[in-house]
Trainee: 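Handing you a structure now.
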2 protein chains.
Amino acid sequence: MNHSMTLEEIAKLSGVSRSTVSRVINDDPKVRQETRQRVLQIIQQVNYQPNALARSLAGGRTRVLSLVIPEGVTRLFSDPYFPILIQGVSMACNAHDYSVMLWLADPDYERRTISRIVQDKLSDGTIIASMLNDDPLVEALLEDGSPFILIGRNPTHENISYVDVDNQGSTRLAIAHLLRLGYRRIATITGPQNMIAGLDRLEGYKQAFRQWDLPIDPDLIVEGDFSEDSGYTTMQRLIPRRPDAVFAASDYMAIGALRAMRENGLRVPHDIAIIGFDDVPMAARIDPPLTTVRQPIQKTGAIAAEVLIDLIEFPKTGPRRVILPTELVIRGSCGTAIRTPNELDRTDQPDLRTTNFVTDS
Amino acid sequence: MNHSMTLEEIAKLSGVSRSTVSRVINDDPKVRQETRQRVLQIIQQVNYQPNALARSLAGGRTRVLSLVIPEGVTRLFSDPYFPILIQGVSMACNAHDYSVMLWLADPDYERRTISRIVQDKLSDGTIIASMLNDDPLVEALLEDGSPFILIGRNPTHENISYVDVDNQGSTRLAIAHLLRLGYRRIATITGPQNMIAGLDRLEGYKQAFRQWDLPIDPDLIVEGDFSEDSGYTTMQRLIPRRPDAVFAASDYMAIGALRAMRENGLRVPHDIAIIGFDDVPMAARIDPPLTTVRQPIQKTGAIAAEVLIDLIEFPKTGPRRVILPTELVIRGSCGTAIRTPNELDRTDQPDLRTTNFVTDS
DNA sequence: CTGAAAGCGCTTACAG
DNA sequence: CTGAAAGCGCTTACAG
């Protein structure tokens with residue numbers, strides 16, 4: 001167990017006061033070059049690293065961000081969504097010399113957990129990736145007044161900072177794509193309806209039908225939880241209802257649905273088409289390659305961290321809302337042929353600046 | 001921005017000294033019941049939460065663990081290994097009132113990153129899940145003298161604490177299973193050869209052949225990096241060499257290999273058998289279901305955290321080494337029929353207490 | 001059982 | 001440009 005150096009010792013070694021050493025460490029310009037050099041050399045020499053705890057306590061800032069992710073959510077394992085998100089957060093934090101504290105918390109937190117996250121004062125701010133509506137943590141953070149940001153907008157508090165994608169618009173576009181190809185019995189496997197992403201994607205699905213003056217068949221709407229497993233299970237229920245296409249609110253649900261289709265002898269896209277959401281790496285690799293709405297997951301995490309850091313360093317600036325662009329990636333899983341070309345060729349231009357089409361190379 | 005309560009204020013409100021409040025908070029037995037109650041009530045009433053920073057600085061312990069995972073490793077995204085591991089760590093930490101600081105660090109750390117992890121003093125100990133041999137972080141931690149534990153043994157420092165599975169033994173058993181079924185041209189897609197798990201699984205593969213007095217064909221050994229993609233790519237190279245079975249050192253490499261097999265018109269297990277490693281959820285779901293070596297990933301993370309916490313709280317106790325049991329899970333991907341029953345039925349009993357056979361329900 | 005005091009290792013006005 | 005001093009919010013011997 002090495003004895004850790006302190007400011008005091010560096011001061012002694014370099015023949016200055018500890019105030020001066022502190023100033024050198026903090027790049028305070030009003031230190032004589034000569035002095036600075038001497039101190040820096042000593043620091044280098046003994047490989048001194050200031051104690052982050054003491055620094056934070058005295059300075060009032062920890063340079064730590066809390067990242068809260070719902071524990072137990074199957075998506076954590078079935079799907080690289082959260083890993084990629086975490087990496088985005090981590091990279092942005094590294095770039096700004098922040099560290100990240102990870103909380104995999106049960107969504108119905110015990111009161112104690114919330115207190116720990118909120119009042120610990122171990123982090124300067126919080127990123128909530130749980131996206132649950134009416135998350136009690138949000139209320140607690142609001143009350144505490146410490147900076148935080150959500151991944152995914154919060155419908156009950158529109159004045160909270162968040163970063164999100166246009167889930168409604170992107171989904172509308174995906175459904176429109178299927179409609180344009182002639183599909184009519186388009187089912188959807190939704191995300192959890194207690195998460196805004198799940199709600200918004202379902203809403204986008206409905207909007208597309210309304211835009212086209214087509215009826216919505218409630219029998220073709222089933223609720224999943226973003227996991228591969230739920231995609232499989234819900235697809236099994238959907239098959240007897242004979243959809244000709246499916247929009248799954250996540251790629252892994254689409255992968256699960258494909259598994260169910262295969263087991264039931266359905267050929268994709270010949271017998272049934274499918275579109276996913278996310279564009280995780282696996283989407284391009286399955287058979288057939290999955291048409292999907294690509295969202296910038298890593299960037300979402302990075303932007304969340306950056307906006308939060310900004311919020312911490314400039315507290316006056318009001319809540320920030322960031323909407324990141326998505327794009328529809330066309331691959332093999334929804335076919336390309338127009339099935340019933342009659343009267344379908346309406347040029348509905350979606351009002352969606354953030355969404356683009358791309359064709360996968 | 002709420003004003004945060006301090007010990008001092010609680011003391012004033014409850015008419016005692018701040019020493020007493022501190023004792024109440026820390027469950028010091030030598031406080032009169034009556035006093036304790038009064039203080040606790042005030043604490044409850046104003047929802048006071050002690051400042052963790054100050055507590056740590058004064059107490060010398062932060063109750064924070066650092067978890068270091070190699071960034072950029074494709075496995076982080078292609079595979080739930082790290083997410084499940086993280087969850088294990090997180091759950092154990094929650095249970096012991098520890099928090100976890102996550103470091104997704106480039107494996108060839110900048111010197112600065114190492115310093116931050118090691119000397120920050122923001123955490124009481126470190127879990128290294130990078131498993132890279134000759135990790136500079138290990139040297140730094142060793143020098144610093146602060147407690148840490150590895151996921152995966154370290155061949156150069158056998159006296160470091162770690163938790164691992166018997167990779168050699170498990171693999172030997174998996175290969176023996178294939179040999180017993182009559183396969184002879186058994187290829188392997190190894191893990192990265194700069195990680196001990198990759199090395200040990202390859203070593204187990206070789207050991208099995210030696211045990212059976214069979215030659216090892218270097219053409220049937222290709223190196224992957226645990227990712228689905230590398231499984232696909234290396235399998236493409238392997239196919240012309242006509243293996244009749246493949247042992248992939250991770251399930252996702254097996255999944256990638258299956259993709260290559262399918263594209264080349266090979267039927268599994270009719271034309272070629274395959275065994276994976278990990279038993280991630282997807283293993284049971286692909287077509288055909290994957291025979292694999294199940295390792296307790298979440299438990300590995302949990303045990304690592306628990307042993308580390310123990311090491312922190314009882315520093316004298318020497319290095320701990322934990323080997324967790326694995327089991328061979330037999331599913332459809334390697335077939336069941338003995339192909340060439342002649343002379344194969346040797347009853348080699350592997351010397352492996354930690355490995356069991358199970359058949360998936 | 002309780003309090004006054006020193007101390008954890010820093011930062012940051014305040015003087016000079 | 002530099003130092004002495006107060007302070008961040010706790011813990012923990014030391015007295016009593």
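All heavy atoms count here, side chains included; hydrogens, waters and symmetry mates do not. Chain letters run A, B, ... following the sequence lines, proteins first and then strands; every chain starts at 1. In this text the structure is predicted, and so the values were computed from the model without any measurement.
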Trainee: Whole-Å distance between C/dT11 P and A/R61 CZ?
Mentor: 12 Å

Trainee: Report yes if a side-chain nitrogen or oxygen of B/N51 is closer than 4.0 Å to either non-bridging phosphate oxygen (OP1 or OP2) of D/dC8; otherwise report no.
Mentor: no

Trainee: Is any side-chain N or O of B/Y48 closer than 4.0 Å to OP1 or OP2 of D/dG9?
Mentor: no

Trainee: Can you check the B/R23 CZ to C/dG3 P distance for me, whole Å?
Mentor: 8 Å

Trainee: Heavy atoms from C-beta onward define the side chain here; which of D/dA4, C/dT11, D/dC10 lies closest to that of A/R18?
Mentor: C/dT11

Trainee: Please tell me whether B/S66 and B/S123 have a donor and an acceptor in their side chains that are separated by less than 3.5 angstrom.
Mentor: yes

Trainee: Heavy-atom distance under 4.5 Å between the side chains of B/I127 and B/L150, does that happen here?
Mentor: no

Trainee: Can you check the B/L53 CG to C/dG9 P distance for me, whole Å?
Mentor: 15 Å

Trainee: Specify the separation, in whole Å, of atom CG of B/L57 and atom C1' of C/dG9.
Mentor: 6 Å

Trainee: Between atom NZ in B/K12 and atom P in C/dG3, what is the gap in whole Å?
Mentor: 14 Å

Trainee: Across the strands shown, which category fits B/T20 at heavy-atom distances under 4.0 angstrom: base, sugar-phosphate, nothing?
Mentor: sugar-phosphate

Trainee: My validator wants the stems of DNA chain C: runs of 3 or more consecutive Watson-Crick or G-U pairs, both distances under 3.5 Å, written as range with range.
Mentor: C:1-3 with D:14-16, C:5-12 with D:5-12, C:14-16 with D:1-3

Trainee: When rounded to the nearest 0.5 angstrom, what is the spacing between CD1 in A/I128 and CH2 in A/W103?
Mentor: 12.5 Å

Trainee: Find the distance B/D28:CG to D/dT12:P and express it as a whole number of Å.
Mentor: 9 Å

Trainee: Minimum heavy-atom separation for A/G125 and A/L308, please, with both atom names.
Mentor: C-CD2, 3.7 Å

Trainee: May I have the distance from A/E9 (atom CD) to C/dC10 (atom P), rounded to whole angstrom?
Mentor: 9 Å

Trainee: Does the side chain of A/R321 pick up a donor-acceptor pair with the side chain of A/N159 at under 3.5 Å?
Mentor: no

Trainee: Considering only NZ, NE, NH1 and NH2 on the basic side and carboxylate oxygens on the acidic side, decide whether B/D310 and B/R320 come within less than 4.0 Å.
Mentor: yes

Trainee: Nearest to the side chain of A/V16, which nucleotide is it out of D/dG3, C/dG3, C/dC10?
Mentor: D/dG3

Trainee: Less than 4.0 angstrom between a side-chain N/O of A/S22 and OP1 or OP2 of C/dC10, yes or no?
Mentor: no

Trainee: Contact between A/I25 and A/R55 at the side-chain level, heavy atoms closer than 4.5 Å - yes or no?
Mentor: yes

Trainee: Let's go through A/L122 and B/V64 carefully: what are the C-alpha distance in whole Å and the side-chain angles of both, what is the deciding distance for side-chain contact (heavy atoms from CB on, under 4.5 Å) to 0.1 Å, and is it a yes or a no?
Mentor: CA-CA 10 Å; A/L122 243 158; B/V64 173; 4.3 Å; yes

Trainee: Thinking salt bridges, do B/K121 and B/D144 make one under a 4.0 Å N-O criterion?
Mentor: yes

Trainee: For the residue pair A/E313 and A/H96, confirm or rule out a side-chain donor-acceptor distance under 3.5 Å.
Mentor: no

Trainee: Could you check how far CD1 of A/I25 sits from C1' of C/dC10, rounded to whole Å?
Mentor: 9 Å

Trainee: Mind running a 4.0 Å heavy-atom check of residues 30-42 of chain A against DNA chain C and sending the residues that fall below it, in number order?
Mentor: none

Trainee: Does a side-chain N or O from A/S19 land closer than 4.0 Å to OP1 or OP2 of D/dT2, or not?
Mentor: no

